[in-house]
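Everything on this sheet refers to the single structure shown next.
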Amino acid sequence: PTEPPSPQEHGLDFQRLLGASAYKERFRQDMIRWGEEKRRTDPGFFCQAAVEGALQPVWVVSDTRRLSDVQWFRDAYGDVVQTVRVVATEETRKMRNWVFVTGVDDAESECGLDQGVAFDWVITNDGDKVALSKQLEMLVQSLQRSL
């Protein structure tokens with residue numbers, strides 16, 4: 001088996017890994033495997049990396065993937081943590097060129113938060129910009145009130 005890549009450790013183009021490209025898909029399963037190895041060693045590895053050096057009063061930590069991630073933030077920061085889930089219908093996702101890949105899209109890295117988390121906010125992003133803006137405005141107002 002090939003060694004799982006990390007951008008820093010394996011010279012990958014980090015910006016190209018952020019998008020929905022063939023480049024990313026070529027390394028996706030290896031990246032998942034590498035991430036699982038890191039989590040087995042230290043479940044908080046990626047959470048700690050996300051907050052390292054952060055000094056702002058409000059942080060947006062996007063793309064947490066597992067219950068252990070959510071639990072880490074709740075344990076570390078308590079009641080100030082607000083969880084937000086962004087949802088879109090499968091039809092909308094397909095219109096955005098998403099294609100289900102067995103072994104990837106049904107892995108914990110993609111659906112680990114589909115159950116077991118009572119999200120504070122659920123934002124629907126199905127292409128209605130007005131509805132999305134209203135939802136985000138409500139979230140921002142709530143965060144501003146809690147500062």
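When a residue number appears, it is its place in the shown sequence, counting from 1. All of these numbers come straight from a predicted model, not from anything done at the bench.
Hydrophobic cluster of Met95: no remaining members, since no ILVMFWY side chain lies below 4.5 Å from it.
With contacts defined as side-chain heavy-atom distances shorter than 4.5 Å, the pair Trp72/Tyr77 qualifies. Residues Phe73 and Val51 form a side-chain contact, since some pair of their non-hydrogen atoms from C-beta on lies under 4.5 Å apart.
Phe46 is linked by a ring pair (Phe, Tyr, Trp, His ring centres under 6.0 Å) to Trp34, counting only residues two or more places apart in sequence or in another chain.
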**Q.** Stepwise side chain to side chain contact (heavy atoms under 4.5 Å, CB included) check, Arg93 with Phe100
**A.** CA-CA 10 Å; Arg93 295 174 74 199; Phe100 182 87; over 6 Å; no

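The environment of CD in Gln141 is crowded: more than 12 heavy-atom neighbours from other residues, nucleotides or ligands sit within 6.0 Å.
The existence of a salt bridge linking Arg33 and Glu37 is excluded, since no basic side-chain nitrogen approaches an acidic carboxylate oxygen closer than 4.0 Å. With respect to Asp114 and Arg85, a salt bridge is recorded, a charged nitrogen being found less than 4.0 Å from a carboxylate O. Residues Arg65 and Glu110 are paired through a salt bridge, judged by an N-O separation under 4.0 Å between the basic side chain and the carboxylate.
Here the shortest heavy-atom pairing between Thr92 and Asn125 reads CG2-O, 4.0 Å.
Judged purely by atom type and a 3.5 angstrom limit, Ser133 uses its side chain to pair as donor or acceptor with the backbone of Lys129.
Donor-acceptor pairing under 3.5 Å is lacking for the side chains of Glu52 and Gln48.
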